Number of protein chains: 2
Amino acid sequence: MGQRKSGHVTLLDVARACGYSVSTVSIVLSEAPLSQNVAASTRERIRKMAQQLGYHPDAYARSLRRRRSQTIAVLAYDLSDPFCIPIVRGIQAGLQPANYLPLLMDTQTQRRLFDTYLKMILERRAEGVIVIASWIFEETDLLADIEKNHVPIVIVGRDLTGRKISSLFVDNEAGGALALRHLSELGHRKIAVIRGPEELFDSEPRWAGVRRAAEEAGIEIDPRLVFQLPNLTDPTSGFEGGLEFAKQILATLRPFTAVLAFDDLTALGVVRGLTEAGLRVPEDCSVVGFDDVLPAIVATPGITTIHQPLREMGLLAAQWAVQGIDAREIGKRNPARMHKALPELVVRKSTASLVSAKNRRRNKEQA
Amino acid sequence: MGQRKSGHVTLLDVARACGYSVSTVSIVLSEAPLSQNVAASTRERIRKMAQQLGYHPDAYARSLRRRRSQTIAVLAYDLSDPFCIPIVRGIQAGLQPANYLPLLMDTQTQRRLFDTYLKMILERRAEGVIVIASWIFEETDLLADIEKNHVPIVIVGRDLTGRKISSLFVDNEAGGALALRHLSELGHRKIAVIRGPEELFDSEPRWAGVRRAAEEAGIEIDPRLVFQLPNLTDPTSGFEGGLEFAKQILATLRPFTAVLAFDDLTALGVVRGLTEAGLRVPEDCSVVGFDDVLPAIVATPGITTIHQPLREMGLLAAQWAVQGIDAREIGKRNPARMHKALPELVVRKSTASLVSAKNRRRNKEQA
DNA sequence: ACGATTTATTCAAACGTTTGAATGTTGGTG
DNA sequence: CACCAACATTCAAACGTTTGAATAAATCGT
């Protein structure tokens with residue numbers, strides 16, 4: 001007895017053990033509306049027996065019959081990027097109360113894996129898909145297959161409302177402006193800027209924000225102090241890029257008192273490069289990042305940066321996905337939505353006022 | 001036509017569309033052994049039609065019938081701990097070729113979530129479970145339910161071979177010894193040690209290794225220089241702990257030239273604390289960490305640390321899990337295995353030779 | 001020309017649930 | 001006492017696959 005061939009206890013096992021039919025047992029254990037009509041004593045007995053036998057409903061059988069998988073796929077471009085984690089956390093928080101299981105998939109920025117997972121999403125009948133964006137999606141409309149099945153899609157980190165996909169992303173323009181304004185308020189005027197890789201959608205608006213704020217502050221950005229990050233392969237390549245930048249710009253002997261880096265990892269690379277050249281942050285040069293990820297927080301000096309409300313974005317994304325499913329369920333149209341999140345300046349120790357910086361001599365010697 | 005009620009194309013749709021029976025279509029598309037007997041022209045036709053209709057086999061129906069979910073649950077104690085990521089990556093790499101889908105679950109160090117996920121593992125009929133350990137498992141044998149169903153379990157980060165569970169973990173004793181030996185070889189003798197939280201299994205052996213190496217090197221560890229990290233709640237609490245430590249020990253005015261921290265985040269906290277007190281790392285004080293996580297790599301100075309081969313451990317864990325499933329399939333016993341991974345010293349810039357340290361005066365002034 | 005083998009395809013049952021409809025009990029009402 | 005409702009439980013079909021067994025047709029050896 002006990003152990004059936006499948007190795008799992010089924011409704012039939014429970015039914016036999018307590019002398020009721022499979023139907024009754026199912027009705028009781030799944031708390032179907034009909035269970036109101038089942039005698040309290042019966043319910044009790046069935047529940048106890050199920051517990052005792054260690055019954056757990058088979059999600060596959062259930063999903064097959066109910067035609068609901070209670071699953072939402074979360075497609076992250078790279079889990080090793082600390083950027084992804086708070087978003088994932090937010091998504092989890094949003095899915096939990098609605099009782100959906102997040103099917104967390106890490107494409108590792110590999111196109112091959114992306115395709116594999118896309119297939120799995122279809123096969124596993126995910127009811128919704130949340131995509132944490134990356135350049136992988138640039139060229140392609142890989143998601144078309146999924147849309148065809150009327151599965152709601154939400155993308156975070158990029159604006160795809162143009163393609164009628166609900167999108168959440170930070171206001172990069174505002175963020176870039178915040179960063180520059182902070183530096184200008186500290187008195188910096190010779191500001192070097194590291195622009196993001198071309199394939200990243202954040203790069204352009206961020207740069208636009210920087211330019212706008214510079215203009216507003218009456219600061220002219222010397223094009224010879226503007227660098228461009230190469231297309232990145234993994235999250236740490238931002239660090240390499242920042243390091244490389246520092247070496248190159250110091251070699252030109254061109255004077256500057258602050259660096260506005262594309263993201264936190266880049267900023268950390270810059271700090272490393274400057275430090276190795278004997279400069280101090282922030283005394284000799286201020287550095288500001290973007291994103292507010294863990295490494296920027298625990299580094300010394302802590303990196304002044306532009307915080308993105310990632311967790312909140314993830315939470316909202318999850319809620320949208322659930323609402324999208326609900327809407328479809330009752331046959332309602334669910335138009336693409338958009339949320340542009342407000343970035344916030346977080347001041348730490350990697351930036352300092354130009355006038356109060358104790359030692360500007362060093363920088364001058366270099367220049 | 002086309003769109004059936006479930007909203008997904010089924011075998012029946014394909015069968016009707018090309019005039020064969022469901023069986024034939026199934027045999028062809030699932031590449032069953034019988035498909036050899038199917039005329040090449042038929043195969044061709046069916047495949048084309050399936051492609052055209054956008055058919056994707058329903059994983060639920062398939063799993064139900066085959067009694068295989070092709071799924072392995074990965075239970076991580078906290079995805080926001082950079083420690084977890086390389087392990088997860090390794091697991092993914094190990095599962096990919098065997099064609100299992102990792103069901104990635106993040107308990108966020110919450111007991112409640114842990115229970116929820118455990119239930120889901122059972123319901124979703126995961127064929128194996130890989131646990132990335134934490135103190136959550138301390139008290140309990142929550143996994144008993146899973147073992148009861150003869151689902152192979154592998155745990156990484158802790159030795160549970162005593163409970164007949166396959167385990168992979170780093171040789172903490174050796175790692176602790178490596179760290180201390182490094183410092184002693186640099187000439188340090190007054191070494192402060194930050195021990196891990198009591199609830200963490202790594203803490204004790206690591207400390208034992210430190211003591212052994214100290215003895216071998218003829219160094220006496222001043223008990224007044226030994227601190228104990230409180231039980232942590234989230235990954236960043238290590239950082240707070242290190243910071244707190246630095247403040248406290250500097251207040252005692254007791255002299256020391258190096259700090260051996262429990263892990264990298266703690267080390268980063270120490271660096272912050274020392275720096276804020278006006279000390280320089282490594283000139284005034286060396287700091288060594290443990291784990292070799294991203295923040296330690298990109299900080300400046302880079303943290304000298306003990307590297308754990310996390311990716312390799314994850315890979316092996318995945319392979320063990322798959323082998324465990326295979327063994328069960330053919331009715332073979334699968335005894336618990338154990339792998340103690342070798343840690344490696346990674347020298348960066350947070351440690352320096354005592355004699356070459358340019359400026360010991362500062363430290364003396366403090367002491 | 002006939003049974004035996006090979007080749008090509010289909011039948012039908014099963015996997016473990018859920019659920020609309022049906023059945024069998026009560027007890028109460030006209 | 002026949003009829004109806006409310007209550008308690010069960011039947012049986014369905015969800016979309018897979019697969020051992022069955023069927024049908026063609027090929028072959030004798």
Side-chain angles (χ1 to χ4, degrees), chain A residues 3-47 49-50 53-70 122-125 127 149, chain B residues 3-46 50 53-70 122-125 127 149:
Chain A
Q3 204 67 24
R4 290 179 51 69
K5 10 177 186 161
S6 80
H8 282 276
V9 182
T10 76
L11 276 183
L12 186 60
D13 293 319
V14 181
R16 276 215 264 262
C18 58
Y20 289 96
S21 75
V22 172
S23 314
T24 309
V25 176
S26 167
I27 287 164
V28 169
L29 294 181
S30 66
E31 299 179 58
L34 276 176
S35 68
Q36 289 175 320
N37 298 348
V38 174
S41 63
T42 309
R43 277 192 297 224
E44 183 67 14
R45 208 127 72 84
I46 290 177
R47 288 228 183 80
M49 186 53 77
L53 293 183
Y55 169 78
H56 290 270
D58 184 315
Y60 288 87
R62 168 175 284 178
S63 291
L64 181 60
R65 170 67 224 223
R66 284 193 176 159
R67 278 118 128 216
R68 310 248 358 211
S69 64
Q70 292 291 342
L122 260 353
E123 293 184 349
R124 300 199 107 92
R125 302 293 190 250
E127 299 185 48
N149 288 301
Chain B
Q3 202 68 22
R4 289 178 55 69
K5 13 179 184 164
S6 78
H8 282 277
V9 182
T10 77
L11 276 183
L12 186 60
D13 293 319
V14 181
R16 276 213 262 262
C18 57
Y20 288 96
S21 74
V22 172
S23 315
T24 309
V25 176
S26 168
I27 286 164
V28 168
L29 293 179
S30 66
E31 299 180 55
L34 275 177
S35 67
Q36 289 174 319
N37 298 348
V38 174
S41 62
T42 308
R43 279 192 294 222
E44 182 66 12
R45 208 127 72 84
I46 292 177
L53 294 182
Y55 170 77
H56 290 270
D58 184 315
Y60 288 87
R62 168 177 283 177
S63 291
L64 180 59
R65 170 66 223 222
R66 286 198 177 153
R67 279 119 128 213
R68 310 260 341 226
S69 64
Q70 292 292 342
L122 258 354
E123 293 185 348
R124 300 200 108 89
R125 302 293 190 251
E127 299 186 47
N149 287 301

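Quantities reported herein were computed from a predicted structural model and do not represent experimental measurements. Proteins come first, then strands; the chains are lettered A, B, ... in the order of their sequence lines, and each starts at number 1.
For Ser23(A) against dA12(D), a side-chain N or O and a base N or O form a donor-acceptor pair under 3.5 Å.
Nearest to the side-chain atoms of Ile27(A) among the listed nucleotides dT9(D), dT17(D), dT19(C) stands dT19(C). Of the listed nucleotides (dT9(C), dT17(C), dA13(C)), dA13(C) has the atom at the smallest distance from the side chain of Arg65(B). Picking from dA21(D), dT9(D), dT17(D) the nucleotide with the shortest atom distance to the side chain of Tyr20(A) gives dT9(D). Relative to the side chain of Arg62(B), the nucleotides dG16(D), dT18(D), dT10(C) differ in distance, and dT18(D) lies closest. You'll find that the side chain of Tyr55(B) is closest to dT17(D), out of dT17(D), dT17(C), dT9(C). Among dA8(C), dC15(D), dT10(D), the nucleotide with an atom closest to any side-chain atom of Arg67(A) is dC15(D). Of the candidates dT9(C), dT18(C), dC15(C), the closest approach to any side-chain atom of Asn37(B) belongs to dT9(C).
Remark: C1' of dG16(C) and CZ of Arg125(B) are 9 Å apart, rounded to the nearest angstrom. As a whole-Å value, the separation of His56(B) NE2 from dG16(D) P is 16 Å. A straight line from CG of Leu12(A) to P of dC11(D) spans 12 Å, rounded to a whole angstrom. Taking atom CG of residue Leu11(B) and atom P of nucleotide dT19(D), one finds them 12 Å apart after rounding to whole Å.
Note on Ser30(B): only backbone sugar-phosphate atoms sit closer than 4.0 angstrom, heavy atoms only; bases stay farther off. Within 4.0 Å of Ser63(B), counting heavy atoms only, lies no atom of the nucleic acid at all. At a threshold of 4.0 angstrom between heavy atoms, the contacts of Tyr60(B) with the nucleic acid are absent. Residue Asp58(B) is in sugar-phosphate contact alone, with no base atom involved, counting any heavy-atom pair closer than 4.0 Å across all strands shown.
For the pair Val25(A) and Tyr20(A), the tightest heavy-atom approach, listed with the atom from each and the gap, is CG2-CB, 4.3 Å. Smallest separation of non-hydrogen atoms from Tyr60(B) and Arg124(B): OH-NH2, 3.4 Å. Leu53(A) and Val9(A) get closest at one heavy-atom pair: O-CG2, 3.3 Å.
Side chain of Glu127(A) to main chain of Gln70(A): a donor-acceptor pair is present (N/O by atom type, distance under 3.5 Å, no hydrogens or angles). With hydrogens and angles disregarded, a donor-acceptor distance shorter than 3.5 Å links the side chain of Ser30(B) to the backbone of Ser26(B).
An OP1 or OP2 oxygen of dT9(D) is reached within less than 4.0 angstrom by no side-chain nitrogen or oxygen of Thr24(A). Between Ser26(B) and dT18(D) there is a side-chain polar atom (N or O) within less than 4.0 angstrom of OP1 or OP2.
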